[in-house]
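Side chains included, hydrogens not; waters and symmetry mates left out as well; all remaining heavy atoms used. Below, chain A is the first sequence line, B the second, and so on; all start at residue 1.
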Amino acid sequence: MSVTVSTTVNGDSVDFVCAPDETLLDALRGRLGLTGAKEGCGTGDCGACSVTLNGRLVCSCLVLAVEAEGQEIATVEGMAAGETLHPLQRAFIDHAALQCGICTPGILVAAKALLEKTPDPSDEEVRYWLAGNLCRCTGYDKIVRAVQAAAAEMRRA
Amino acid sequence: MRYEKPQTVAEAARLLSAEKGVARILAGGTDMLVQMKSGMVEPDLLVDIKALPGTRTIVKEAGGFRIGAGVSGAQLSEDADLKAAWPGVVEAANLIGSTQVQGRCTMVGNLCNASPAADSVPALVAAGAKVRVAGRGAGRDVAVEEIPAGPGKTKLKKGEFITSVFLPARGARCADAYLRFIPRTEMDIAVASAAVNLSLDEKGVIKDARVALGAVAPTVVLCEPAAKAIIGTRLDDAALEKLAAACSAAAKPIDDKRGSVEYRKDVVGVLAKRAARIAYTRAGGQK
Amino acid sequence: MAFDAYVKREFKQVGTRVARPDGVDKVTGRALYGADMVAPGMLVGRVLRSPHAHARIVSIDTSEAAAMPGVKGIVTGRDFSVPKDEFLADVAVNCLAQDKALYDGHAIAAVAAINATVARDALKKIKVEYEVLPHVTDIDVAAKPDAPVVLEGRALETVPAGMGANVTHRCEFGHGDLEAGFAKADKIVERSFRTAATHQGYIEPHACLASFTTDGRADLWVCTQGHFYFRTLCSEMLGMEASQLKVTASEIGGGFGGKTTVYLEPVALMLSKKTGRPVKMVMTRDEVFRATGPTVSTSIDVKIGMTKDGRITAGWADMRYSGGAFQCLTCEMGAQAAFAAYDLEAVQTVGWNVMTNRPKEAAYRAPGAPQAIYAVESVVDELCQGLGLDPLEVRIKNAAKKGTKASYGPTFDDIGLLATLEAAKKHPHYTAPLAEGQARGLSCGFWFNFGGNTCVTMNVNTDGTVGIAEGNPDIGGSRASISLMAAEELGIPYEKVRTIIADTASLGYADTTDGSRVTFAVGIATINAARDAIRKMCKRAAMLWGIDEDAVEWKDGAAHPAGPNAGKFPPMSLADIAAKSFQTGGPIAGHYEVNADGAGVSFGVHLCDVEVDKETGATKVVRYTVFQDAGKAVHPDYVEGQMQGGAAQGIGWALNEEYIYGADGRLQNPGFLDYRIPVASDLPPIEAVILEIPNPGHPYGVRGVGETSIVPPLAAISNAISRSIGTRLQELPMSPPRVLKAIKGAA
């Protein structure tokens, strides 16, 4: 039995049909073609599928697609404004905060949620906030620096 | 699988009672969806309770707090009054999972998932929290420690579910604290945990205390000998040692991939001591 | 490439921190990884895996599953003929079991269905009858003659008579008179160590999309470190000609060695062949842990003798490695690497492989070296403690250098170990005061570095830009470093160069992205392809100028008359020549192919400070500094990234990561919850100090940098913890229960 879901993704109204036990991650990737969110584990342990649900950071693998009915979803695909990258996206490139890049969309979405709540975080706050976003390439050093650089830029703006 | 999102408690109860197959509640989903993914449970009916009145709010009641079953960890951390009154409960709930998981996970879900290692449960038990159980009949209030029946099992009957948890009013010179041990700094399941809730008299002597332990028995342990070890003291070193010994003695853990019996018995005492010190300081006690 | 390829020069672009070309795609979610590709009419493939550590497969009944609506095809091991070549046969049997399930998670059958739900339900309807056999997962137990036998008849001739059937290989390296060496020592320490198997832990699970057409051609999209090698393996397993299988490497979400061999790919191809439809397969995280490459688990004995003044007189090690349920030669690399950092008169290392009912080992960053060097560096540290010597001075005193006969045979050319040690000694970290309860540890690390087969085509476009096609999936920023080297050699801006990873039909063979070989070997090919293009451009300029082509030279991105006798012409830029190329003989492309030799070895030194909670056994790493010789850091950001990333993985290995098997032989922690890779809050800032001692075997002096960094953390942290708690730890990981036990044992 399928259900129809009407929701908002990155500001756009979208409808899709899905199975009731389908995750929001599968719907984003499979139904809507938004493959920026990645499945690293499917159990909420890696954060690669991070999106926001009504502004709240969540793992989209731990949300059912049907729960998105009438809600607002934001994904990495909605971070840049046209050709202008979000300061976090720019900072991640400038500070070499990505290697393979599989964790990057989730980390960017998570870091954006952090800076909206805490514009001037300590390194420790950044590290604890991002503890649910596994990165196996970088050792996190350059990620923390990039988040801080973006935060500084956003505070100046 | 059917997904339902009822608008009233009565409707939710009716759906759950009527279901002949496997029925499950969905609140935060951070345990439920993991179990569904692994095939551990394949529900025929999933009842999302987040549209029920009161499930998404924290309301002051009789000087205490009524917290809806759908209130996320992140919401708890944003309620300044709740944090001030029950810092141990909030810090325990905030230790569950990652920031992402905090966006969804609930204390009631943590309780009903019935893991012996659930972080918020020892803190709720130490706090003397009660949950409101709904079902076909009239609702009833039940002490948190009465809910878990064993790993993965609760004492809730078919068709019953929890709509809220209630934390009582706080007087002066009261505080709680919760600590768990995990191998990393985040993202792990407690190897052992301890919650301490205490109240002091004007002189800083512990008047009353509740100590609860997690991950050292099939269900949360409300450890009365541990409480007795510190009641009537100013939490001197001797009292702390007796507290630790009582906790270690009450622990009946298992050997598994996360820790050995010996390790858990040792560490639960260490955590109880450290949590007691934090709670004592928070309550205004000075050594 | 000769060992005298290096020519000292001033770099204009190499060494700068330019933006990586794949950056925007990766920060916007546009980059396409293994699981991100779709094809019209695509089916979903899923694998049924053994729940037993060791079992005979009596029968597989797929009839009920095959009859389910939506199920389009099922394959088992019977669909593949086992290749004659023993190595290839092992790879094939690992992809789908033949007569026995050899470990928990071993693939038994696979289904292609219209969606994931139907595929999952179909797996439940496949009836497998198993005859459960005794299993063995512990290396020391497996080595005994009476242990359950994983596979019969797999021992090589290297194994002496009388060993258990699971012992499949023995190797030995070294030189000098051990007995005489130990006789000269003032102190001898002999210790035994064990290290748990760990997983590469890439965040992207294995994924592929296979499409087989009825005329016998196939396309494969896959996250891989080596799509050419995948083509070789898959085409041989499916009995195809290489030309008929085109493999395209997706962006790769981490590999670290673990995506150097096939698991799903031949199965997906076979399912696609059977169903006539494209088939996509993506592993779950559980499958990644249970069925793909962990490292070896090891059991190692080390004996070292030292004089009072810190001179090592002899070193010996006997190292048992288990590469899982198949033959595995990683013990060779461990036995060669163990003492590589030391200039020794007498040294001997013996390596063994022992089979266990565990998944087939796959490479993980410097495969075999971390375990061996952990054991050696632990004993060196204990000797330093015992003799009251500074551990850094002792390493400087014994350091291998140019002219040292390495313990594994060759004589070293220019190497960076001493410079690295001296840099560590001078760094403020080494002398910074330690807070109460903290302790400091250090360790050397080493990796051979590979060269190998590479092919590069460089297309000079008519608008003056340059496109490079190379064949190595980019796992650490290599498109940026290759573009930089091309820009440097051609003398044009980095922004004018775009490097892509060509599919297997578009370029000659490239060895896998492994052994820290890409910036080195593809760099050589790129520089020489640029030189080839330059020769051609000079010829075109000569033609336009009407002078002899030998009278043209290339500098700063333009052809110039070589000297006053050549004639007076203004320089003709790459863009000028390219714009006129259709009039001067057609398109211009440089090309180079090479089996590169001369990869300079790499050394590193790590310093770390730790704090141990004496009541819980928990270790916190409070300061960490990596020193490593990069030869020449082409893109310093990504060199630092390799140093930091390897250190973080090593820290995880040292403290918490391990494969935990139950008494039933099943893996107990196949997920990121209980297989504990470091999270952001676990780690301190990791300072990376790059040394540049040019590699004589590369035109720019480049050495591989990817692997050495995972080697030192194991001993550096163990040495720090051991000094902190006053007792020597001899087993990895140093998880809190193990550390607390050691503390209580010492008290």
Side-chain angles (χ1 to χ4, degrees), chain A residues 19 21-22 26 29-30 33-48 75-77 79-80 85-86 88-90 92-106 108 123-124 126-145, chain C residues 17 19-20 22-33 35-36 38 115-117 200-205 251-256 282 284-286 474-477 635 637-638 640-649 651 671-673 677-688:
Chain A
D21 59 353
E22 190 166 318
D26 284 340
R29 290 176 55 84
L34 294 172
T35 55
K38 308 297 181 191
E39 179 163 319
C41 67
T43 50
D45 297 312
C46 80
T75 72
V76 71
E77 285 91 345
M79 269 181 84
L85 295 180
H86 186 279
L88 276 162
Q89 293 174 310
R90 191 74 255 156
F92 268 58
I93 297 174
D94 291 346
H95 293 262
L98 59 106
Q99 286 179 33
C100 83
I102 195 88
C103 70
T104 308
L108 288 168
D123 284 0
E124 198 181 11
V126 175
R127 286 181 181 273
Y128 273 88
W129 182 272
L130 295 179
N133 290 91
L134 300 180
C135 169
R136 191 60 157 169
C137 291
T138 65
Y140 306 103
D141 190 285
K142 291 185 193 295
I143 290 174
V144 176
R145 287 169 206 267
Chain C
R17 297 173 189 252
R20 62 188 296 159
D22 49 329
V24 171
D25 280 354
K26 286 180 174 173
V27 299
T28 54
R30 204 174 292 154
L32 294 174
Y33 293 82
D36 297 337
V38 291
N115 62 42
T117 309
Q200 297 84 352
Y202 33 81
I203 309 300
E204 180 200 31
E251 288 292 345
I252 176 171
F256 316 109
V282 182
T284 63
R285 180 52 54 181
D286 174 276
D474 177 353
I475 59 173
H635 193 307
D637 274 342
Y638 292 103
E640 290 164 4
Q642 291 298 313
M643 291 160 71
Q644 292 167 330
Q649 289 183 322
I651 292 169
F672 280 134
L673 188 60
I677 79 171
V679 303
S681 49
D682 291 338
L683 297 176
I686 298 168
E687 187 182 347

Those residues that, when tested against A:R127, pass salt bridge (Lys or Arg N to Asp or Glu O under 4.0 Å) (two or more places apart):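 With sequence neighbours excluded, A:R127 shows a salt bridge (Lys or Arg N to Asp or Glu O under 4.0 Å) to no residue whatsoever.
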Residues which pass salt bridge (Lys or Arg N to Asp or Glu O under 4.0 Å) with C:D474, listed by chain and number, not counting sequence neighbours: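 Once residues adjacent in sequence are excluded, the partners of C:D474 under the salt bridge (Lys or Arg N to Asp or Glu O under 4.0 Å) criterion are C:R479.
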Between chain A and each of [options], count heavy-atom pairs under 4.5 Å; write down the option with the most.
options	answer
C:G255, C:G646, C:G645	C:G645
C:H635, C:E687, C:M643, C:Q200	C:Q200
C:G23, C:G476, C:A116, C:A647	C:G23
C:A688, C:P678, C:G671	C:P678
C:S681, C:P205, C:G29, C:A648	C:S681
C:I475, C:V24, C:D682	C:V24

[X] portion near chain C, given a 4.5 angstrom heavy-atom threshold:
X	value
A:L98	both
A:A48	side chain
A:L108	side chain

Against chain A, label [X] side chain, backbone, both or neither, depending on which of its atoms sit under 4.5 Å from a heavy atom there.
X	value
C:I252	backbone
C:Y638	side chain
C:L32	side chain
C:T28	both

Atom of C:Q644, atom of A:T138 and distance for their closest heavy-atom approach: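 Heavy atoms only, the tightest pair is CB-O, 3.5 Å.
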A:D45 side chain to A:T43 side chain, donor-acceptor N/O pair below 3.5 angstrom: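 Yes - a donor-acceptor pair under 3.5 Å links their side chains.
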Heavy-atom donor-acceptor pair, C:D36 side chain to C:Y33 backbone, under 3.5 Å: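 Pair found, side chain donor or acceptor close to backbone of C:Y33.
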Any donor-acceptor pair under 3.5 Å from C:K26 side chain to A:C100 backbone: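 Yes; at least one donor-acceptor contact below 3.5 Å.
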Sole residue of A:Q89, A:R90, A:H86 in side-chain contact (heavy atoms from CB on, under 4.5 Å) with C:V27: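 Output: one option passes, namely A:Q89.
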Residue C:R30 excluded, over 12 heavy atoms near CZ under 6.0 Å: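 No - once you tally the heavy atoms of other residues, nucleotides and ligands closer than 6.0 Å, there are 12 at most.
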